[in-house]
Chemist: 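Here you go, one structure.
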Amino acid sequence: MQFDSLADFFNMGGYAFYVWLAYGITFLSLGMLVIHSLRQKRKVLIGISKKIQREERLKENRSTK
């Protein structure tokens, strides 16, 4: 579809509210998904790191006895 002006593009043939709302909801949802995934990844990596440290301390305690 070709638009005569930039205003026509933003108006989207009278359906601007629905079109831009759909784009907004889509990008907001994707952004929230990315942020949530990054936070979860960080939590998992921290948990793994703590578990490794606990296991190393247990090995050290067992070897000193």
Side-chain angles (χ1 to χ4, degrees):
M1 185 175 208
Q2 202 171 21
F3 299 99
D4 294 331
S5 68
L6 191 58
D8 286 340
F9 171 74
F10 286 114
N11 190 27
M12 289 286 172
Y15 297 102
F17 176 75
Y18 304 107
V19 171
W20 295 116
L21 182 63
Y23 275 110
I25 290 172
T26 300
F27 287 117
L28 179 67
S29 300
L30 289 173
M32 289 171 53
L33 178 63
V34 167
I35 290 169
H36 177 71
S37 298
L38 290 173
R39 286 183 179 171
Q40 284 298 108
K41 178 184 174 184
R42 184 168 185 242
K43 284 182 184 179
V44 167
L45 291 176
I46 289 172
I48 291 170
S49 174
K50 287 181 180 180
K51 184 176 180 181
I52 290 171
Q53 289 174 355
R54 278 194 310 266
E55 290 174 356
E56 287 176 355
R57 277 189 250 129
L58 280 174
K59 281 183 183 178
E60 288 175 3
N61 288 340
R62 287 180 185 163
S63 64
T64 59
K65 289 182 179 182

Chemist: If you round to the nearest 0.5 Å, how far is CG of Leu38 from CG of Leu33?
Modeler: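 Here the interatomic distance stands at 9.5 Å.
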Chemist: So, taking the atom named CG in Leu21 and the one named CG in Leu28, what distance separates them when rounded to the nearest 0.5 Å?
Modeler: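 Between Leu21 CG and Leu28 CG, I get 10.5 Å after rounding to 0.5 Å.
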Chemist: Supply the atom-to-atom distance Ser49 OG to Arg54 CZ, rounded to the nearest 0.5 angstrom.
Modeler: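 Nearest 0.5 Å value for the OG-CZ distance: 10.0 Å.
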Chemist: Heavy atoms, side chains only, cut-off 4.5 Å: are Met12 and Phe3 in contact?
Modeler: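 In contact.
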Chemist: May I ask you to decide if Ala22's main-chain N or O and Thr26's side chain share a donor-acceptor pair within less than 3.5 Å?
Modeler: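 Yes; at least one donor-acceptor contact below 3.5 Å.
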Chemist: Is the ring pair Tyr15/Tyr18 parallel, tilted or perpendicular, if the boundaries are 30 and 60 degrees?
Modeler: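 Ring orientation of Tyr15 relative to Tyr18: tilted.
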Chemist: Taking the six-membered ring for Trp, are Trp20 and Phe10 parallel (under 30°), tilted (30 to 60°) or perpendicular (over 60°)?
Modeler: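 Tilted, since the angle between the ring planes falls between 30° and 60°.
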Chemist: To the closest 0.5 Å, what do you measure between CD (Gln40) and NE2 (His36)?
Modeler: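 Going from the CD atom of Gln40 to the NE2 atom of His36 covers 4.5 Å.
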Chemist: In the single-linkage hydrophobic clustering (I, L, V, M, F, W, Y; side-chain heavy atoms under 4.5 Å), do Phe27 and Ile35 co-cluster?
Modeler: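 Result: no, two separate clusters.
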Chemist: Considering only Ile, Leu, Val, Met, Phe, Trp and Tyr, and joining two whenever side-chain heavy atoms are under 4.5 Å apart, list the other residues clustered with Leu58.
Modeler: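 When side chains under 4.5 Å apart are linked, Leu58 ends up in no cluster with other residues.
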Chemist: When you group the ILVMFWY residues by side-chain heavy-atom contacts below 4.5 Å and let the links chain together, are Met32 and Tyr23 in the same group?
Modeler: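 No, it is not one cluster - the side chains of Tyr23 and Met32 are not joined through contacts under 4.5 Å.
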